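Bear in mind the structure is a predicted one, so any value in this text is a computation, not a measurement.
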Amino acid sequence: MKPQPSFDIDFDKHNNASLRIACPECGHETPHHLKSLSPDNDIFCGKCNTNITLDLEAIELAGRQAAEIRKSYGVDGGA
């Protein structure tokens, strides 16, 4: 199994989650909306153009983490 890139989760004013995905090659962070991610989507680093892939397990983990963060702040909405 290929190691997954690291990411941080951000939220917009509507509580929609975005990931800042770190490029495994250069470390540049590429933002991407969580609800539009799928294992079939190619994400390219905005700096070095490396193809960054997240598998279904990583995307589901990000969704669970986003839900936990929303719950801890007592807010709903977004994905």
Side-chain angles (χ1 to χ4, degrees):
M1 177 187 224
K2 184 177 174 182
Q4 294 295 304
S6 61
F7 59 83
D8 290 320
I9 301 174
D10 291 328
F11 293 91
D12 65 15
K13 66 182 179 181
H14 303 289
N15 295 318
N16 294 310
S18 291
L19 300 184
R20 285 184 292 130
I21 305 165
C23 176
E25 296 296 320
C26 71
H28 177 78
E29 293 183 348
T30 301
H32 208 291
H33 291 287
L34 177 57
K35 64 183 169 184
S36 66
L37 283 174
S38 75
D40 301 330
N41 283 358
D42 288 332
I43 303 166
F44 293 94
C45 174
K47 186 173 181 181
C48 71
N49 208 35
T50 295
N51 185 9
I52 304 168
T53 57
L54 292 172
D55 66 17
L56 181 59
E57 186 176 327
I59 295 169
E60 288 174 344
L61 172 64
R64 288 190 303 271
Q65 288 176 347
E68 289 173 10
I69 293 168
R70 280 191 206 97
K71 184 178 177 181
S72 72
Y73 281 98
V75 295
D76 292 320

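The structure places NZ of Lys47 at 5.5 Å from SG of Cys26, a figure rounded to the nearest 0.5 Å. Taking CG of Asn41 as the reference point, atom CD1 of Ile52 lies at 12.5 Å (rounded to 0.5 Å). Thr30 contributes atom OG1, which lies 11.0 Å from atom CG of Leu19 (distance to the nearest 0.5 angstrom). Distance check: Asp42 CG to Asn51 CG gives 4.5 Å after rounding to the nearest 0.5 Å. Rounding to the nearest 0.5 angstrom, the gap separating the SG atom in Cys23 from the CD1 atom in Ile43 is 11.0 Å.
Partner Arg20 forms a side chain to side chain donor-acceptor pair (under 3.5 Å) with one of His32, His28, Glu29 and no other, that one being Glu29.
Follow the hydrophobic side-chain contacts under 4.5 Å out from Val75 and you reach Leu34 in the same cluster. A single hydrophobic cluster is seen to contain both Ile69 and Leu37, as judged by linkage of ILVMFWY side chains at heavy-atom distances under 4.5 Å, directly or through other members.
With hydrogens and angles ignored, the 3.5 Å screen pairs a side-chain donor or acceptor of Arg70 with a backbone N or O of Asn15.
Here the closest heavy-atom approach between residue Phe11 and residue Ala66 is recorded as CZ-O, 3.7 Å.
Annotation: salt bridge (Lys or Arg N to Asp or Glu O under 4.0 Å) contacts involving residues 58-69, sequence neighbours excluded, are absent.
For the pair Ile9 and Ser18, the minimum side-chain heavy-atom distance is 4.5 Å or more.
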